[in-house]
Protein chains: 2
Amino acid sequence: MARTQGSHSDITGPRIREAALGLFARHGYAAVSMRQIAGEVGVQAGALYNYTPDKQSLLFRLMRDHMQDLLAAYDDLDRPGDPQEALRQFVGFHIRFHLQRPDEVFIAYMELRNLTSENFTEIEALRRLYEDSLENILRKGQKSGQFSVTDTKITTLAVIAMLNGVITWYRSGGRLSLDEVEQVYWDMVRRAVSA
Amino acid sequence: MARTQGSHSDITGPRIREAALGLFARHGYAAVSMRQIAGEVGVQAGALYNYTPDKQSLLFRLMRDHMQDLLAAYDDLDRPGDPQEALRQFVGFHIRFHLQRPDEVFIAYMELRNLTSENFTEIEALRRLYEDSLENILRKGQKSGQFSVTDTKITTLAVIAMLNGVITWYRSGGRLSLDEVEQVYWDMVRRAVSA
DNA sequence: CTTCTATCTGAACGCCTGTTCATATAAGGT
DNA sequence: ACCTTATATGAACAGGCGTTCAGATAGAAG
């Protein structure tokens with residue numbers, strides 16, 4: 001049979017992306033086959049090629065869309081002028097945004113090496129944009145004397161690495177609430193950079 | 001031909017592990033074939049099975065040996081009694097040890113999901129041991145009033161995540177020396193936990 | 001009711017996978 | 001010089017891979 005009931009492009013497309021997202025996150029890009037993805041959607045492997053030119057593009061688009069969503073969401077915020085407040089906002093935003101999308105985040109930094117070099121370059125550029133927004137906050141605070149950081153670039157990477165750690169252990173309904181987690185991390189970040 | 005000149009068990013064995021280490025780190029466990037590893041060593045794929053029962057064991061032993069080396073190296077240190085000094089030592093040790101073994105470190109946290117569940121459990125236990133040694137320092141400092149951390153477990157994970165970040169960007173001969181990097185990170189960690 | 005077209009199937013393509021094993025050979029011991 | 005044994009080859013196995021495509025079908029359009 002073909003074109004089974006209720007099965008349309010605008011339904012199958014997202015379902016393929018969701019299935020790929022979950023499987024890539026759980027088992028890794030290289031370990032997941034197109035047939036597995038198709039199986040999860042309930043379709044034959046050939047049908048996937050109505051929605052992606054190939055497996056690589058499937059991965060790339062997941063990562064690109066995620067990075068673009070991240071940048072757009074951060075851009076949408078009303079950013080405080082005060083560096084300390086801006087940093088606090090960044091920490092909260094980063095934690096919450098990433099905890100809402102564990103699979104995307106996992107893929108975005110685990111599967112970089114499985115991108116072709118052109119695709120890697122593009123994703124790296126997006127990531128750099130995001131890091132720059134944190135670095136700008138740190139530079140502003142350094143200039144105003146509110147922060148004291150030896151090297152804004154390293155501090156940026158260190159802070160983001162620290163915040164990313166949260167997704168490896170946080171489980172909703174666990175010992176700490178989201179607010180408490182945010183508070184703990186904010187305390188550490190604030191003290192780590194404050195003058 | 002077989003048993004080519006100068007080719008012995010005690011040479012081929014390590015060479016296989018080295019080849020696997022580099023390839024797993026660069027391309028990921030799932031993306032590397034036994035034939036690729038054999039090719040790098042200069043033997044046929046079948047010969048690998050004189051040294052490992054299967055591909056999974058090759059990965060597992062690399063990870064287990066790394067974790068054991070890490071624990072042994074840390075245990076060998078003369079640990080200071082003062083929590084502040086102990087923390088400083090931990091930060092320096094962690095950065096230097098990990099920068100000396102970028103491939104092992106990369107594998108140790110990227111390939112966890114490719115371990116069978118028994119193997120995963122064993123590696124996780126070793127990792128926990130290492131994390132515990134940091135948590136003990138934090139707890140001691142908290143008790144003595146030198147540190148002020150809301151949650152020692154989270155702080156432990158946050159500090160390690162931050163320190164691990166260094167291996168993603170540090171290149172020897174780059175802008176900063178190892179000493180400078182250590183200093184920057186120590187400044188951040190110290191302030192992040194200090195009372 | 002018929003036609004058209006988007007959507008899917010199912011088989012096929014050539015190639016690669018981890019692993020096994022009979023066979024060959026070079027080194028080490030006597 | 002011979003024999004043993006560790007070590008390696010190279011072919012084979014069954015199965016999986018990403019991708020393509022002719023053909024089938026269901027829903028939309030007229």
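- Residue pairs meeting the ring-ring contact (aromatic ring centres under 6.0 Å, His included) criterion with at least one member in residues 54-75 of chain A, sequence neighbours excluded: A:Tyr74-A:Phe90, A:Tyr74-A:Phe93.
- A:His94 and A:Tyr130 share a donor-acceptor pair across their side chains, judged by distance under 3.5 Å alone.
- Following rounding to the nearest Å, A:Gln44 (CD) and D:dG23 (P) show an atom-to-atom distance of 19 Å.
- No side-chain donor from either of A:Glu131 and A:Thr156 sits under 3.5 Å from a side-chain acceptor of the other.
- Within residues 29-41 of chain B, the residues approaching DNA chain C are B:Val32, B:Ser33, B:Met34, B:Arg35, by heavy-atom distance under 4.0 Å.
- Put simply, CD1 on B:Ile11 is 13 Å from C1' on C:dA27, counting in whole angstrom units.
- In terms of phosphate contacts, B:Tyr49 brings no side-chain nitrogen or oxygen within less than 4.0 Å of OP1 or OP2 of D:dT7.
- For the residue pair A:Asp54 / A:Ser57, a side-chain donor-acceptor distance below 3.5 Å is found, with atom types taken as modelled.
- Rounded to whole Å, the distance from CG on B:Asn50 to P on D:dT5 is 16 Å.
- Whole-Å rounding puts the B:Ile16 CD1 to D:dT7 C1' distance at 11 Å.
- Residue B:Thr12 places no side-chain N or O under 4.0 Å from the OP1 or OP2 atom of D:dT7.
- In the set C:dT9, D:dT19, D:dA8, the nucleotide with an atom closest to the side chain of A:Asp54 is D:dT19.
- Inspection of the B:Glu111 and B:Asn114 side chains reveals an N or O donor paired with an N or O acceptor under 3.5 Å.
- When each of D:dT9, D:dT7, D:dT19 is scored by its nearest atom to the side-chain atoms of B:Tyr51, the top-ranked nucleotide is D:dT7.
- Each ring-ring contact (aromatic ring centres under 6.0 Å, His included) pair with one or both residues in residues 25-44 of chain A, not counting sequence neighbours, appears once here: A:Phe24-A:Tyr29.
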